[in-house]
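Reckoned from all heavy atoms, side chains included, excluding hydrogens, waters and symmetry mates. Everything quoted here is computed from the prediction, not taken from an experiment. Sequence lines set the chain letters: A, B, ... in the order given, protein chains first and strands last, and positions in each chain run from 1.
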Protein chains: 2
Amino acid sequence: MPTPSPSQAAPPPAESNRGDRARERLIDAAMEIFSERNLEGARTREIAAAAEQNVASISYYFGSKEGLYHAVFERIASDLRQTMGAQIKEIEQLHAAHAITRPLAVSLLKRLMRTLYIHVRTKDSQGNGGVGRLIVREQIAPTPAFDIVYERAIRVVHETTAILVAAYLEADPKDPIIIIRTHALLGQLLVFVTARETIRRRLGLPPFGKLPPETEHRVRDTIARILEEQAEAQLVGLAACNFPTIASPDALHRVISPIQQDPT
Amino acid sequence: MPTPSPSQAAPPPAESNRGDRARERLIDAAMEIFSERNLEGARTREIAAAAEQNVASISYYFGSKEGLYHAVFERIASDLRQTMGAQIKEIEQLHAAHAITRPLAVSLLKRLMRTLYIHVRTKDSQGNGGVGRLIVREQIAPTPAFDIVYERAIRVVHETTAILVAAYLEADPKDPIIIIRTHALLGQLLVFVTARETIRRRLGLPPFGKLPPETEHRVRDTIARILEEQAEAQLVGLAACNFPTIASPDALHRVISPIQQDPT
DNA sequence: CCCGCTTTCAAACAATTGTTTTAAACAATC
DNA sequence: GATTGTTTAAAACAATTGTTTGAAAGCGGG
């Protein structure tokens with residue numbers, strides 16, 4: 001046999017030229033095609049063709065189709081972490097210093113929502129939500145690839161958002177109720193990725209890719225702005241309604257808490 | 001050739017015995033397997049085996065694998081419509097009579113959210129969100145099957161929800177901003193279907209299917225209650241924040257409106 | 001009891017899949 | 001400039017896919 005596939009671990013500092021170029025192109029193409037069809041639906045030949053590479057190269061560089069899929073999610077996790085990293089760190093520090101007031105929580109949350117939304121709507125080859133689609137597919141039918149993006153990116157984003165929600169409601173970020181509320185809040189954002197086709201039809205927009213990029217840009221920014229408003233309104237409303245936030249003496253906690261363990 | 005496949009149109013009143021039984025079993029099994037793997041990922045042999053039917057029967061009854069997939073979505077649409085039909089009609093009538101006050105809008109919305117959530121969490125063979133997963137997959141990568149469930153179910157639910165949001169904010173249910181806000185609101189619900197794995201891990205719950213049905217029941221009801229609260233808080237907050245709701249003199253409308261046409 | 005129809009079944013088919021193979025082309029070090 | 005190791009290329013492979021085939025089995029009415 002010629003050369004065994006280079007173990008699919010992360011490339012330490014090795015940044016040569018020819019091979020890495022091919023790897024990049026393959027990941028790029030794979031990201032696009034895996035987002036349209038899924039893992040089983042995507043054909044290796046199609047990916048190779050889109051990357052202007054030979055079919056054998058995917059086996060050569062990534063060991064297998066799954067290996068390439070894996071690599072795609074490594075990149076997704078890295079990209080997401082890089083985009084959100086600074087904000088997350090800032091929020092964590094402010095939280096540790098007990099310095100998050102209500103108005104600050106609102107502005108931090110709005111910025112986080114906007115950044116996150118713009119990221120998942122932009123970080124892809126086409127104007128389509130490639131990254132978002134890939135993640136959602138893993139959410140509804142997880143494979144080992146989900147661990148990568150969850151542990152390295154989704155989890156911290158979720159936890160950080162929970163810090164802001166908890167700060168505003170003067171509650172514990174680890175409270176199951178706060179976590180559920182945080183999840184719901186992030187859902188307002190995610191739904192524009194997951195239920196893309198519905199909002200497209202409801203707004204009477206042409207099929208994706210069919211409208212001029214400049215217009216698409218503006219639609220995206222419009223939604224981002226409304227998302228900020230929704231987030232602020234949600235917090236304001238929750239505080240006004242004064243629903244139970246501390247789960248300890250609450251029935252809900254008694255339901256979820258005993259199960260709660262192994263939070264890996 | 002033996003018998004050509006009976007055209008895959010809806011069986012008018014024909015409700016015989018032997019054949020329809022097989023059809024039902026096939027649809028049941030297909031619903032489950034299509035929700036785990038997707039259209040391409042599911043194997044006809046596996047579906048047939050789960051239905052205790054021969055492989056050829058799927059070609060025989062539905063013409064093809066796609067035909068069966070189609071039939072699955074016909075049922076999904078029917079089920080959803082049947083669950084939501086009464087509430088939708090009631091809301092439409094109240095709206096036509098201009099009888100929706102703010103408190104009424106809140107209670108109608110809460111009931112709608114709860115019913116919808118319970119439906120997508122319950123209407124499946126396992127305790128898993130089979131229906132939800134199938135719909136989400138179609139949202140992120142629509143096939144002709146999406147038309148069925150959108151036109152026959154999703155659209156009316158979305159429009160009806162928009163009526164309630166608009167009523168509370170004293171705005172036009174057709175206002176693009178209201179539609180976007182409605183979409184975000186429904187996203188709070190959908191995220192518990194689409195980002196299932198994330199909320200599971202964040203709550204430290206065991207893998208789905210691994211926890212006793214009684215507990216799962218209570219978790220479901222807990223989330224449903226919080227969703228009601230979130231919806232109420234969202235409306236209250238939006239009214240308090242007094243964001244622009246009428247799009248006419250707004251920049252957003254100038255963005256979206258000129259594209260808006262062909263609302264099929 | 002036999003005949004028309006529908007339904008079931010096991011086997012076979014043609015097409016496509018991911019992957020391997022084999023060898024040629026390339027780049028760089030000596 | 002020959003000889004490394006690395007990368008590409010085309011073809012071949014074994015396995016699996018959705019579907020078809022052709023006949024047997026069930027079932028109802030004459």
Enquirer: When you measure from the side chain of A:R137 to the backbone of A:S35, do you find a donor-acceptor pair of N or O atoms at a distance under 3.5 Å?
Expert: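 Checking the backbone N and O of A:S35 against the side chain of A:R137, a donor-acceptor pair under 3.5 Å is found.
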Enquirer: Whole Å only: how far is the CZ atom of A:F62 from the C1' atom of C:dT19?
Expert: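 Result: 16 Å.
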Enquirer: Any heavy-atom pair between the side chains of B:I154 and B:I135 that's under 4.5 Å?
Expert: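 Contact flag for B:I135/B:I154 side chains = yes.
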Enquirer: Calculate the interatomic distance between A:I33 atom CD1 and C:dT17 atom P; express it in whole Å.
Expert: 12 Å
Enquirer: Tell me whether the OP1 or OP2 atom of D:dT20 has a side-chain N or O from B:S59 closer than 4.0 Å.
Expert: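 Answer yes for this pair, as a side-chain N or O of B:S59 is under 4.0 Å from OP1 or OP2.
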Enquirer: Whole Å only: how far is the CZ atom of A:R37 from the C1' atom of C:dT17?
Expert: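 Roughly 14 Å, once rounded to whole Å.
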Enquirer: Give the rounded distance in Å between these two atoms: CZ of B:R25 and C1' of C:dT8.
Expert: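 The answer, rounded to whole Å, is 14 Å.
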Enquirer: For residues 39-55 of chain A, which residues have at least one heavy atom under 4.0 Å from DNA chain D?
Expert: A:R45, A:Q53, A:N54
Enquirer: Return the value, rounded to whole Å, for the distance between atom CZ of B:R21 and atom P of C:dT8.
Expert: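 One finds 12 Å between P of C:dT8 and CZ of B:R21, rounded.
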Enquirer: Does any donor atom in the side chain of B:R152 or B:S78 lie under 3.5 Å from an acceptor atom in the other side chain?
Expert: yes
Enquirer: Under 4.0 Å from OP1 or OP2 of C:dT20: is there any side-chain N or O of A:Y60 that close?
Expert: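 Negative; the distance criterion is not met.
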Enquirer: Rounded to whole angstrom units, what separation is found between the CG atom of A:D20 and the P atom of D:dT8?
Expert: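 Checked: the CG to P distance equals 11 Å.
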Enquirer: Heavy atoms from C-beta onward define the side chain here; which of D:dG18, D:dT8, C:dT8 lies closest to that of B:A22?
Expert: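 Given the options D:dG18, D:dT8, C:dT8, the side chain of B:A22 is closest to C:dT8.
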Enquirer: Output every pair passing ring-ring contact (aromatic ring centres under 6.0 Å, His included) with a member in residues 23-58 of chain A, not counting sequence neighbours, ordered by first then second residue.
Expert: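 ring-ring contact (aromatic ring centres under 6.0 Å, His included) check on residues 23-58 of chain A returns A:F34-A:Y69.
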Enquirer: Roughly how many Å is it from CG in B:L68 to C1' in D:dT19, rounded to a whole number?
Expert: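 After rounding, the reported distance stands at 14 Å.
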Enquirer: List for me each residue that meets side chain to side chain donor-acceptor pair (under 3.5 Å) alongside B:Q53, sequence neighbours excluded, and say none if there are none.
Expert: none
Enquirer: How close or far is atom P of C:dT6 from atom OH of B:Y61, stated in whole angstroms?
Expert: 11 Å
Enquirer: To the nearest 0.5 Å, what is the distance between OH on B:Y60 and CZ on B:R23?
Expert: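 Nearest 0.5 Å value for the OH-CZ distance: 8.5 Å.
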Enquirer: Calculate, to the nearest 0.5 Å, the distance between atoms CD1 and CD1 belonging to A:I33 and A:I47 respectively.
Expert: 5.5 Å
